[in-house]
**Student:** 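Got a structure here, written out as structure tokens. Questions coming.
Side chains are part of it too, since the values below use all heavy atoms of this structure and drop only hydrogens, waters and symmetry mates. Just so we're clear, the structure is a prediction, and the values are computed from it rather than from any experiment.
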Amino acid sequence: MAHRIAGSKLSRKTGPRLGLYRNLTVAVLRYERVHTTEAKAKAVRGRVERMISLAKRGDLAARRAVVAAFPNEPLVVAKLFDEIAPRYADRSSGFTRIVRIGARRGDAAEIVQLELV
């Protein structure tokens with residue numbers, strides 16, 4: 001039985017899966033939209049929302065938590081705190097949107113656009 005199992009594995013081991021999550025999260029924050037499969041978008045959406053909520057706090061501990069999550073991305077961290085977080089000052093959640101685009105030609109996987117609202 002599959003009790004108490006949260007999230008999907010996306011056919012990857014732990015290291016590559018966490019790297020995928022990190023790369024997709026950085027891409028969404030950098031470009032404000034990304035095309036990916038529906039499963040990957042649903043897996044990453046919560047991480048993007050959490051980073052924006054941290055940036056909205058704006059204190060030193062929140063900045064250090066975001067830098068710890070993205071140690072090699074100082075421009076993304078700066079953009080998150082300076083541009084993205086002030087944009088959502090009046091909103092408590094729901095910073096992302098998933099829009100279905102269609103099926104991928106090769107394997108008919110559902111492709112979606114994960115974007116910031």
**Student:** Which heavy atom of Leu10 sits nearest to which heavy atom of Ala43, and what is that distance?
**Tutor:**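 For Leu10 and Ala43, the tightest heavy-atom pair comes out as CD1-CB, 4.4 Å.
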**Student:** Looking only at atom types and distance, does a side-chain atom of Arg33 sit under 3.5 Å from a main-chain N or O of Leu114, one as donor and one as acceptor?
**Tutor:** no
**Student:** Look at the side chain of Lys40 and the backbone N and O of Leu24, then say whether any donor-acceptor pair between them is shorter than 3.5 Å.
**Tutor:**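 Pair absent, no side-chain N/O of Lys40 close to backbone of Leu24.
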**Student:** Going hydrophobic residue to hydrophobic residue with side-chain gaps under 4.5 angstrom, can you get from Leu18 over to Val48?
**Tutor:**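 Per the 4.5 Å side-chain linkage, Leu18 and Val48 are co-clustered.
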**Student:** Lys79 side chain to Ile84 main-chain N or O, any donor-acceptor pair under 3.5 Å?
**Tutor:**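 Checked: no pair found.
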**Student:** Roughly how far, to the nearest 0.5 Å, is CD1 of Ile52 from CZ of Arg57?
**Tutor:** 14.5 Å
**Student:** How close do Val112 and Thr37 get, heavy atom to heavy atom, and via which atoms?
**Tutor:**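 Of all heavy-atom pairs spanning Val112 and Thr37, the closest is CG2-O, 3.8 Å.
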**Student:** Under 4.5 Å between side-chain heavy atoms, counting indirect links through other Ile/Leu/Val/Met/Phe/Trp/Tyr residues: same cluster for Val26 and Val67 or not?
**Tutor:** yes
**Student:** Any pair with a residue in residues 97-117 that passes side chain to side chain donor-acceptor pair (under 3.5 Å), sequence neighbours left out, goes on the list, sorted by first then second residue, please.
**Tutor:** His35-Gln113, Glu38-Arg100, Arg97-Glu115, Arg104-Asp107, Gln113-Glu115
**Student:** Atom OG1 of Thr36 and atom CG of Leu20: how far apart are they, to the nearest 0.5 Å?
**Tutor:** 7.0 Å
**Student:** Rounded to the nearest 0.5 Å, how far does CE of Met51 lie from OG1 of Thr25?
**Tutor:**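 So the OG1 of Thr25 and the CE of Met51 are separated by 7.0 Å.
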**Student:** Could you tell me if Arg22 sits above the aromatic ring of Phe70, with its cationic atom closer than 6.0 Å to the ring centre and no more than 45 degrees from the axis?
**Tutor:** no
**Student:** Between the main-chain N or O of Arg45 and the side-chain N or O of Arg47, is there a donor-acceptor pair closer than 3.5 Å?
**Tutor:**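 Not at all, since once roles are kept as given, no pair shorter than 3.5 Å links the two residues.
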**Student:** Run the side chain to side chain donor-acceptor pair (under 3.5 Å) check on Glu49 and Ser93 step by step: do they pass?
**Tutor:** CA-CA 7 Å; Glu49 302 256 344; Ser93 64; 5.4 Å; no
**Student:** Out of curiosity, does Leu116 fall in the hydrophobic cluster containing Val44 (side-chain heavy atoms, cut-off under 4.5 Å, transitive links)?
**Tutor:** yes
**Student:** Is a side-chain N or O of Tyr88 found less than 3.5 angstrom from the main chain of Ser53, in a donor-acceptor match?
**Tutor:** no
